[in-house]
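Both backbone and side-chain heavy atoms feed into the values below; hydrogens, waters and symmetry mates do not. So that the names make sense, note that chain A is the first sequence line, chain B the second, and so on, each numbered from 1.
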Protein chains: 2
Amino acid sequence: MKPRKHRRARLDLPRIAERFRKKARKLTGPRRAILVALRERGGPVTPREIFRALEGRCDLATVYRSMHLLETMGMVKRYDFGDGQARFELLEEGDDGHHHHLVCRRCADVVEIEGCLMSDVDRQVAEANGFKAVTHRLEFFGICPECQGSDSRGENVTD
Amino acid sequence: MKPRKHRRARLDLPRIAERFRKKARKLTGPRRAILVALRERGGPVTPREIFRALEGRCDLATVYRSMHLLETMGMVKRYDFGDGQARFELLEEGDDGHHHHLVCRRCADVVEIEGCLMSDVDRQVAEANGFKAVTHRLEFFGICPECQGSDSRGENVTD
DNA sequence: GCTCCAATTGCAAACGATTTGCAATTGGCG
DNA sequence: CGCCAATTGCAAATCGTTTGCAATTGGAGC
Ligand SMILES: [Mn+2]
Ligand SMILES: [Mn+2]
Ligand SMILES: [Zn+2]
Ligand SMILES: [Zn+2]
């Protein structure tokens, strides 16, 4: 049994629906399906992955529109792993989603990094430069255990 | 006199040319112009900004091709501020370019953050998850001094 | 200097992610 | 059950970036 890689893996669906409706929005078929897909995955998902998981129950454009909506509603958070596609995670009520990830450069496997010890750094950076409301975006990249042995180029991973 | 915002603002042009030629590459007109533009700016520049600065002396496709080349030669480093366009900085010889930025969310002004105190964090993250060769990507975002007074939405910036 | 050719360029078309216009569909309130 | 604003599917548009190809050019060798 592998350890669960992502927190927020189990959220109550009726509760999600309720949260959604509270913002005076129609809970349509496609939207429900997207929320289910987001909950299933738990970790960061691309719009295209959601689209594939929906198997025709929803158009790709609708996925994008829904992600925007959910983002402004504060129900999902967007992450950027620098590969040109957005990723989203469903948030628990009250969670602002601020956390970081460790991404394998070979297989793109993602591990959640618990907690963030940088709020004091934000303050220092703000202070030192006269900025206000400073936040940060931080992701880690490396080679995961699985990918360390079977190297794609024959050389071994060190360090 | 405003303080200089970017390090590596002055690099010797002949020396840059020499570094370039050492890798057995043709130092063409477009490439020379691009290197000059990169040196002029000092801080992170988008391909389109370089293209504009070149005023017809070089095609946009050539800018992109040159950035790839310079990147693989280790003469520029790519940064990602999450707005969908790449930025590049010319590097001093021997510099790996690892550093971070503070970007204004209103005017997109960029301030360099000196140094990086996270190599021990990289190690901890690697250790804790069985990953190897862990690095990170980190940028800060906030509201710069200039943008704090004249607020775009009438509310004042706090915190 | 002049020749020659692989390296490089400009141009236009292709790309992949994301956005948008619009006519057809639908959730949820009355 | 009917209505209508909200939502959707579809196709076309957009944006940053990449690529094919024929024309151009730097610089090594004479
Ligand atoms: Mn996560
Ligand atoms: Mn910089
Ligand atoms: Zn953080
Ligand atoms: Zn760093």
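Between B/Met67 atom CE and D/dG16 atom C1' there is a gap of 15 Å when expressed in whole angstrom units. When the C1' atom of C/dG28 is taken as reference, atom CG of A/Leu27 falls 11 Å away, rounded to whole Å. Straight-line distance from the OH atom of B/Tyr79 to the C1' atom of D/dG16: 21 Å, rounded to whole Å. A/His68 has its NE2 atom 16 Å from the C1' atom of D/dT8, to the nearest Å. Between B/Phe20 atom CZ and C/dA7 atom P there is a gap of 13 Å when expressed in whole angstrom units.
Note on B/Arg32: nothing from the nucleic acid sits closer than 4.0 angstrom, heavy atoms only. At the heavy-atom level, B/Arg65 lies under 4.0 Å from base atoms of the strands shown. Here B/Arg25 lies in heavy-atom contact (under 4.0 Å) with sugar-phosphate atoms only.
A salt bridge links B/Arg78 with B/Glu71: at least one charged nitrogen is closer than 4.0 Å to a carboxylate oxygen. Salt-bridge check for A/Glu49 with A/Arg41: passed, with a basic side-chain N closer than 4.0 Å to an acidic carboxylate O. B/Asp109 and B/Arg105 are not joined by a salt bridge, as no carboxylate oxygen comes within less than 4.0 angstrom of a charged side-chain nitrogen.
Taking 4.0 angstrom as the limit, B/Thr28 places a side-chain polar atom (N or O) nearer than this to OP1 or OP2 of C/dT9. Side-chain nitrogen and oxygen atoms of B/Arg31 include at least one within less than 4.0 Å of the OP1 or OP2 phosphate oxygen of C/dT9. Taking only side-chain nitrogens and oxygens, A/Arg57 never comes nearer than 4.0 Å to OP1 or OP2 of D/dT8. Contact between the side-chain N/O atoms of B/Thr62 and the OP1/OP2 oxygens of C/dG10 is found at a separation under 4.0 Å. Contact check, B/Tyr64 against D/dT18: no side-chain N or O comes under 4.0 Å of OP1 or OP2.
Place B/Arg48 and A/Leu60 on DNA chain D by their nearest nucleotides, and A/Leu60 ends up nearer the 5' end. A residue-by-residue look at B/Arg78 and B/Gly29 shows that B/Arg78 has its nearest nucleotide of DNA chain D further toward the 5' end.
In this structure, CG on A/Leu138 lies 4.5 Å from NE2 on A/His100, to the nearest 0.5 angstrom.
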- Query: For B/Glu127 and B/Arg123, what are the C-alpha separation, side-chain angles and deciding distance, and is it a salt bridge (charged side-chain N to carboxylate O under 4.0 Å, His left out)?
  - Reply: CA-CA 6 Å; B/Glu127 182 81 21; B/Arg123 264 188 290 280; over 6 Å; no
